[in-house]
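Remember, predicted model here, so these are calculated numbers, not experimental data.
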There are 2 protein chains.
Amino acid sequence: MNDVARSAGVSLKTVSRVVNGEPTVDPALVERVRAAVASLHYRPHLGASMLRRKDRRTGTIGLLLEDVGNPFSAAVHRAVEDEARARGVHVLTGSLDDDPERERDLARAFARRHADGLILAPVGPDQGYLALELPPGVPVVFVDRTATGFTGDSVLARNAAGASAAVRHLIAYGHRRIVFLGDLSRITTTRERRRGYLDSVGAAGLRAYTVEGLHDSVAAEAATRELFERARPPTALFTGQNLITIGAVRGLRALGRHHDVALVGFDDFPLADLLEPAVTVIAQDPAAMGRAAAQALFARIDGDTKEPREISVATTLIPRGSGEIPVRFTGSS
Amino acid sequence: MNDVARSAGVSLKTVSRVVNGEPTVDPALVERVRAAVASLHYRPHLGASMLRRKDRRTGTIGLLLEDVGNPFSAAVHRAVEDEARARGVHVLTGSLDDDPERERDLARAFARRHADGLILAPVGPDQGYLALELPPGVPVVFVDRTATGFTGDSVLARNAAGASAAVRHLIAYGHRRIVFLGDLSRITTTRERRRGYLDSVGAAGLRAYTVEGLHDSVAAEAATRELFERARPPTALFTGQNLITIGAVRGLRALGRHHDVALVGFDDFPLADLLEPAVTVIAQDPAAMGRAAAQALFARIDGDTKEPREISVATTLIPRGSGEIPVRFTGSS
DNA sequence: GTGAAAGCGCTAACAT
DNA sequence: ATGTTAGCGCTTTCAC
């Protein structure tokens with residue numbers, strides 16, 4: 001920048017003004033500076049400018065998701081990026097893989113990099129560490145899961161309501177033995193979905209059957225197959241998550257039962273409509289969640305100090321076939 | 001940091017040494033400093049340290065992909081992140097959406113943020129701008145597509161070879177009217193895949209039929225349907241990309257032809273094995289591509305100055321059913 | 001082994 | 001409208 005100033009025959013400060021587009025500079029000087037910038041290939045150094053600046057914004061936010069490679073996280077990421085782009089903000093990303101230690105490490109790392117704020121899908125049991133790692137005043141918005149020990153806005157799907165609707169849907173088709181297949185129950189989303197299941201099942205006076213701790217598609221497939229080795233197998237399944245839904249589909253296929261066991265899955269997935277039968281789902285809206293989270297974060301960064309909000313994003317039941325298979329009398333009701 | 005020094009009764013420099021883990025500090029002082037750091041909630045400022053440091057590394061790389069929300073990009077992203085994590089490096093991401101201007105803007109932005117290097121899936125016709133935007137010595141590795149006007153390593157799937165194999169596979173099942181459905185032909189990947197198609201079709205003495213410029217799944221579905229309104233419709237389709245494959249599946253379904261028209265798609269996609277018929281694909285290995293790109297980039301950052309390399313990643317033909325439908329005599333050969 | 005001084009590239013506050 | 005000076009938080013260099 002010094003070189004540019006010398007080459008343009010102006011002071012350092014004038015160069016700074018031109019680079020920052022401040023209006024109070026003589027057009028002729030602007031031209032001279034511009035030319036010098038171009039000929040010297042000058043590139044402003046954001047790190048240095050942010051060091052001295054008053055507002056101390058880096059124009060960077062951190063986004064910590066379960067796994068940037070999975071469709072849900074990827075959709076959230078994309079929506080966040082779009083909001084950020086509109087404000088000239090860039091996004092540092094990280095995958096947590098259900099590892100609380102990694103959650104904390106990355107939060108700390110992004111804090112040291114002076115991210116202006118964080119969007120976090122928490123995996124650990126407690127987010128109290130954020131108060132220590134983050135400089136005071138750096139906002140965090142939680143997405144998809146709730147946080148403990150740290151206050152911030154959160155953006156959540158209406159998990160319990162969606163699950164409840166799924167189960168009522170199955171009940172309406174005559175089902176009375178409906179199994180819930182869920183993943184790790186320490187995750188708040190899973191707990192909410194199970195709660196919705198239990199509510200609806202209880203309200204209808206049915207017995208609850210749950211299988212949990214299913215961590216992937218393979219486990220879900222195995223669990224599904226085992227269900228039908230029992231004396232009184234279910235007539236309908238409600239799966240708490242994407243990978244579990246797919247595992248259940250594979251399991252039912254393998255058993256040749258996909259056309260007579262009903263299935264509703266939580267969370268939509270690509271091609272669900274092309275399977276046979278097409279899979280009925282409770283669709284979340286990950287893009288809406290990402291958008292809402294980013295908007296909330298930017299509002300906080302811009303100084304919004306209202307009470308922390310909990311933003312719920314609606315789910316939609318999309319009937320496609322698998323959830324509309326009526327119960328069949330199997331002789332062992 | 002000053003406060004910490006004062007509170008610990010040592011000099012600024014000693015704090016710096018402790019924070020950076022330099023070994024030449026008295027253990028007793030280390031303890032005092034550590035305590036002060038904790039009690040004052042001191043957090044080191046990476047931006048400031050990098051400003052003064054000799055190597056000037058920020059420990060950040062930029063990753064510019066087509067769309068962080070699509071499965072291919074997301075898988076690349078995840079693989080890059082894993083490599084970066086192993087080195088304590090963080091990843092700034094951006095989606096380009098086939099917009100060359102955005103490509104340049106983001107490259108510039110990441111340069112101003114002093115990313116140590118860039119991984120780029122180029123969309124523009126020319127990457128010459130990189131020489132202007134990037135400080136000399138900042139390496140770029142290209143992934144998925146080739147670049148023009150700027151030298152760097154590139155990581156590419158064996159597109160032509162894979163496409164060629166797909167077509168030979170169809171020919172082996174007796175097909176002679178095989179249509180290629182492709183997207184925008186200015187994209188190098190598409191051109192390579194078409195080239196592979198043309199090679200195999202030409203070698204077998206068959207006529208080439210191509211439909212191009214299909215920018216999404218809906219366009220591909222419409223194009224597929226139109227094909228079968230012709231006098232001599234194809235007996236097999238080769239689709240150049242994920243979304244086009246899915247559009248073609250939808251099209252064939254709508255026509256009720258999915259069990260008698262053969263289909264091979266380039267690029268695998270989740271649930272391809274659960275469709276009926278299951279979809280035969282030329283699978284790429286996006287994780288391997290991301291890994292290779294990241295490894296190449298880090299090698300360059302660490303000073304590797306060998307000739308730029310072109311790393312090809314193999315594709316695999318996965319026969320699942322749709323590609324093994326033999327030709328049927330339709331009376332209009 | 002420890003500290004004092006200088007300065008990385010830039011902008012704030014105050015001249016002019 | 002432009003320039004000057006000081007200093008952001010840290011690491012370097014060099015002295016102790």
S.K.: Contact class for B:L29 (heavy atom, under 4.0 Å): base, sugar-phosphate, or nothing?
M.R.: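 The answer is sugar-phosphate, as B:L29 gets under 4.0 Å only of primed atoms, P, OP1 or OP2.
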
S.K.: Check whether any side-chain nitrogen or oxygen of A:S11 sits under 4.0 Å from OP1 or OP2 of D:dT4, and answer yes or no.
M.R.: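 Checking A:S11 against D:dT4: no side-chain N or O falls below 4.0 Å of OP1 or OP2.
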
S.K.: Please name the pair of heavy atoms, one in B:N20 and one in B:R53, separated by the smallest distance, quoted to 0.1 Å.
M.R.: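 Closest heavy-atom pair between B:N20 and B:R53: ND2-NH2, 3.8 Å.
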
S.K.: Would you call B:R78 and A:D67 a salt bridge, taking side-chain N to carboxylate O under 4.0 Å as the test?
M.R.: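 A salt bridge is present here (some side-chain N lies under 4.0 Å from a carboxylate O).
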
S.K.: For the side chain of A:T14, counting heavy atoms from C-beta on, which of D:dT2, C:dG9, D:dT12 is nearest?
M.R.: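 Ranking D:dT2, C:dG9, D:dT12 by closest atom to the A:T14 side chain puts D:dT2 first.
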
S.K.: If you look at every strand shown and take non-hydrogen atoms under 4.0 Å, does A:V10 touch a base, only sugar-phosphate, or nothing?
M.R.: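 Sugar-phosphate, backbone atoms only, no base.
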
S.K.: Shortest non-hydrogen contact from B:Q127 to B:P122?
M.R.: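 Heavy-atom minimum between the residues: NE2-CB, 3.4 Å.
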
S.K.: Is the distance from OP1 or OP2 of C:dT11 to the nearest side-chain N or O of A:R53 less than 4.0 Å?
M.R.: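 Affirmative; the distance criterion is met.
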
S.K.: So how far off straight is the helix from C:dG1-D:dC16 to C:dT16-D:dA1, going by the axes through five pairs at either end, to 10°?
M.R.: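 It comes to 30° between the two terminal axes.
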
S.K.: Could you tell me whether the phosphate oxygens of C:dT11, OP1 or OP2, come under 4.0 Å of any side-chain nitrogen or oxygen in A:N20?
M.R.: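 Yes, A:N20 has a side-chain N/O under 4.0 Å of OP1/OP2 on C:dT11.
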
S.K.: Taking the nucleotide of DNA chain D with the closest heavy atom to each, which residue, A:R56 or A:P27, is nearer the 5' end?
M.R.: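 The residue mapped nearer the 5' terminus is A:P27.
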
S.K.: So which heavy atom on A:L134 is nearest to which on A:A107, and how close?
M.R.: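 Smallest interatomic distance, heavy atoms only, reads CD1-O, 4.0 Å.
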
